[in-house]
Amino acid sequence: MTAPRRYCLLVCDGPSCGVTHDSDRLFELAGKTAAAQPGLRDKVAVRNYTCFGRCDDGPNTFVVELAPGDDPNRDPDFAVLESQRGFYPGMDEAKIVRVLEQHCGKDEVVEDLVDSY
Ligand code: FES
């Protein structure tokens with residue numbers, strides 16, 4: 001039996017996403033949503049991230065799939081971000097719940113929201 005996938009949802013709190021786009025409320029909502037759902041609670045960590053370099057598109061998030069043994073509290077290498085399809089720009093409350101439930105919960109990229117990174 002293979003181990004379930006694990007994810008870290010990075011919510012940008014950089015100078016544009018955090019200040020201009022008020023990403024704090026998304027971070028809070030994502031944490032509460034993940035904690036409230038048994039299928040997500042042990043599968044996804046929600047963390048802040050400084051800046052993805054796509055400030056005009058914010059608020060931005062990234063779902064990073066963790067390798068076995070990866071510490072969700074460590075920032076991923078840039079190469080890891082570039083290799084994964086998990087960048088979700090222009091998030092709002094409804095979109096972030098969809099990303100959590102579909103990408104993190106069902107292991108399916110949300111095709112109409114994901115963008116290349
Ligand atoms: S501040 Fe969020 S991408 Fe730069």
Side-chain angles (χ1 to χ4, degrees):
M1 188 172 125
T2 57
R5 294 180 180 181
R6 294 183 310 132
Y7 300 96
C8 183
L9 173 63
L10 299 171
V11 181
C12 184
D13 68 347
S16 182
C17 295
V19 177
T20 308
H21 299 301
D22 190 23
S23 67
D24 280 1
R25 61 194 164 74
L26 296 179
F27 178 78
E28 195 176 317
L29 173 65
K32 285 182 179 172
T33 301
Q37 298 193 24
L40 293 174
R41 194 176 304 139
D42 299 325
K43 200 172 174 188
V44 59
V46 179
R47 285 190 46 223
N48 278 131
Y49 190 77
T50 304
C51 180
F52 295 109
R54 291 276 298 268
C55 310
D56 289 347
D57 300 324
N60 297 322
T61 60
F62 205 119
V63 175
V64 182
E65 182 173 352
L66 301 171
D70 275 359
D71 179 355
N73 294 310
R74 286 192 56 197
D75 281 349
D77 291 337
F78 190 70
V80 170
L81 296 182
E82 281 191 317
S83 71
Q84 296 195 11
R85 293 184 70 229
F87 182 62
Y88 292 100
M91 298 301 282
D92 60 23
E93 284 90 347
K95 289 177 181 176
I96 205 164
V97 170
R98 276 187 68 202
V99 167
L100 274 166
E101 292 181 345
Q102 183 173 326
H103 193 141
C104 302
K106 298 178 181 172
D107 307 317
E108 296 170 359
V109 171
V110 186
E111 296 291 349
D112 61 312
L113 298 181
V114 75
D115 198 4
S116 56
Y117 183 65

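Counting convention: from 1, in listed order, for ligands and their atoms alike.
Met91 and Leu26 make their closest contact through O-CD1, 3.8 Å (heavy atoms, listed as atom of the first residue, atom of the second, distance).
Only protein N, O or S atoms were scored, and 2 of them lie under 2.8 Å from atom 2 (Fe) of ligand 1.
Under the side-chain hydrogen bond (donor to acceptor under 3.5 Å, both in side chains) criterion, Asp115 pairs with Arg54, sequence neighbours left out. Under the salt bridge (charged side-chain N to carboxylate O under 4.0 Å, His left out) criterion, Arg85 pairs with Glu111, sequence neighbours left out.
Within the 3.5 Å criterion, the main-chain N or O of Glu93 finds no donor-acceptor partner in the side chain of Arg25.
Judged as a ring-ring contact (aromatic ring centres under 6.0 Å, His included), the pairs with a partner in residues 96-115 (not counting sequence neighbours) are, in order, Tyr7-His103, Tyr88-His103.
When ring centroids are compared, Phe52 and Phe87 come within the 6.0 Å threshold.
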